K.L.:
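Handing you a structure now.
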Amino acid sequence: MRYTIKQRNSQLSDPFQIKSEQELMSIHIGTIGQLLELNRTMTLKFLDEIGQFEDPAAALAYRPGPQRAHIAWQIMHIGITEEIFATARLRTAPSDLTDWFPQYQRGSIADNNIPSLDVIRTVLAQSRKNLLETISQIAEADIDQIPEGLKERGWTNSMALQIVCWHEAHHQGQAHLLLNSWKAER
């Protein structure tokens, strides 16, 4: 929940902590970048762990049941979702990753094609670069605006950025649970 300046400032015990709307928005955008960086660091550490296994592809292919999302799908879905937000939701821009959209976007069903760790890392890097570029183009004055690509959902730029931050942690957590299950079965 976003607070108005008056609501937020009424909760502060120290009157010298009062921030202007402009300062609060700047902190908001800056925090998003920091959260994205932390989330990606954890996801890359997760991939590093998989890379240490004798058969990383077996771990990436692990799924909890038929037609359920495998570990590789969970991580690729993170990258493709960020790419969709960067090129279709928050703004309209060309994407070099559109061939991956049908396989990893929301609502897709994980197939048996398992991308390599290198492919996954490449998609994550490219989509993150595009997302950060898109975020850098959101003016502070537009933080509460609803971009054209999110009108159907009614999400403001602020809400979309919060969702993107949560999204990686959510799917990386699902992948981590799957990896723990895979290790327990071995």
Side-chain angles (χ1 to χ4, degrees), residues 28-91 93-136 149-150 153 155 159-186:
H28 176 75
I29 293 287
T31 302
I32 295 297
Q34 292 171 345
L35 289 171
L36 288 171
E37 182 178 341
L38 172 65
N39 293 343
R40 186 51 47 88
T41 298
M42 301 310 287
T43 299
L44 294 176
K45 281 182 170 181
F46 175 78
L47 292 176
D48 288 344
E49 179 181 354
I50 291 173
Q52 298 301 311
F53 297 137
E54 187 175 309
D55 187 4
L60 290 170
Y62 183 79
R63 62 177 78 217
Q67 294 190 326
R68 304 314 315 158
H70 44 68
I71 292 172
W73 187 94
Q74 296 288 346
I75 304 301
M76 285 289 286
H77 175 70
I78 292 167
I80 294 309
T81 299
E82 287 188 1
E83 183 70 4
I84 290 169
F85 269 76
T87 62
R89 301 285 186 258
L90 295 169
R91 69 174 176 157
S95 171
D96 293 333
L97 300 176
T98 56
D99 289 346
W100 294 106
F101 288 9
Q103 190 174 357
Y104 295 105
Q105 67 187 352
R106 179 180 178 210
S108 64
I109 296 175
D111 62 20
N112 292 325
N113 296 315
I114 309 299
S116 69
L117 284 170
D118 288 340
V119 168
I120 293 170
R121 288 177 189 281
T122 298
V123 168
L124 289 173
Q126 186 172 347
S127 64
R128 177 53 60 86
K129 178 179 178 261
N130 292 340
L131 181 62
L132 292 175
E133 182 181 322
T134 295
I135 291 171
S136 75
L150 290 169
R153 293 181 185 176
W155 291 355
M159 176 59 80
L161 295 175
Q162 291 173 58
I163 294 291
V164 167
C165 284
W166 165 82
H167 186 262
E168 180 163 5
H170 169 72
H171 284 285
Q172 194 273 348
Q174 289 181 315
H176 194 100
L177 173 63
L178 291 175
L179 184 61
N180 285 341
S181 297
W182 178 78
K183 290 190 291 189
E185 290 179 11
R186 297 187 63 99

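Nothing here was measured: the structure is a model prediction, and the numbers come from that model.
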K.L.:
Please tabulate, one pair per line, all N/O donor-acceptor pairs under 3.5 Å involving side-chain atoms of residues 175-186, not counting sequence neighbours.
P.N.:
unit_1: Ser181; atom_1: OG; unit_2: Leu177; atom_2: O; d: 3.1
unit_1: Lys183; atom_1: NZ; unit_2: Glu49; atom_2: OE2; d: 2.7
unit_1: Glu185; atom_1: OE2; unit_2: Tyr62; atom_2: OH; d: 2.7

K.L.:
Kindly say whether Gln103 contributes a backbone atom to a donor-acceptor pair with the side chain of Ser108 at under 3.5 angstrom?
P.N.:
yes
K.L.:
Give the C-alpha distance, both sets of side-chain angles, the deciding distance and a yes or no for side-chain contact (heavy atoms from CB on, under 4.5 Å) between Leu36 and Ile135.
P.N.:
CA-CA 11 Å; Leu36 288 171; Ile135 291 171; 3.7 Å; yes
K.L.:
Between Phe85 and Thr134, is there a side-chain heavy-atom distance shorter than 4.5 Å?
P.N.:
no
K.L.:
Which heavy atom of Pro64 sits nearest to which heavy atom of Ala69, and what is that distance?
P.N.:
CD-O, 3.5 Å
K.L.:
Is the backbone N or O of Tyr104 less than 3.5 Å from a side-chain atom of His77, with the two atoms forming a donor-acceptor pair by type?
P.N.:
yes
K.L.:
Do any pairs count as a salt bridge (charged side-chain N to carboxylate O under 4.0 Å, His left out) and have a residue in residues 31-40, sequence neighbours left out, and if so which ones?
P.N.:
Arg40-Glu82, Arg40-Glu168
K.L.:
Side chains of Glu83 and Asn130, heavy atoms from C-beta outward: is any pair under 4.5 Å?
P.N.:
yes
K.L.:
How many angstroms lie between atom OG1 of Thr81 and atom CG of Leu131, to the nearest 0.5 angstrom?
P.N.:
10.5 Å
K.L.:
Check whether any side-chain N or O of Arg153 sits under 3.5 Å from a backbone N or O of Ala160 as a donor-acceptor pair, and report yes or no.
P.N.:
no
K.L.:
Under 3.5 Å, which donor-acceptor pairs do the side chains of residues 112-124 form with other protein atoms, sequence neighbours left out?
P.N.:
unit_1: Asn112; atom_1: OD1; unit_2: Arg63; atom_2: NH2; d: 3.2
unit_1: Asn113; atom_1: ND2; unit_2: Asp111; atom_2: OD2; d: 3.2
unit_1: Ser116; atom_1: OG; unit_2: Asp118; atom_2: N; d: 3.4
unit_1: Ser116; atom_1: OG; unit_2: Val119; atom_2: N; d: 3.1
unit_1: Arg121; atom_1: NH2; unit_2: Asp48; atom_2: OD1; d: 2.6
unit_1: Thr122; atom_1: OG1; unit_2: Asp118; atom_2: O; d: 2.9

K.L.:
Considering non-hydrogen atoms only, spot the tightest contact between Trp73 and Gln105 and give its length.
P.N.:
CZ2-O, 4.0 Å
K.L.:
Is any side-chain heavy atom of Thr87 closer than 4.5 Å to one of Thr98?
P.N.:
no
K.L.:
Are Lys45 and Gln172 close enough, and set up right, to give a side-chain contact (heavy atoms from CB on, under 4.5 Å), and what steps lead you there?
P.N.:
CA-CA 11 Å; Lys45 281 182 170 181; Gln172 194 273 348; over 6 Å; no
K.L.:
Just wondering, do Ser127 and Ile80 contact through their side chains at under 4.5 Å, heavy atoms?
P.N.:
no
K.L.:
With a 4.5 Å heavy-atom cut-off, do Ile78 and Ile75 have their side chains touching?
P.N.:
yes
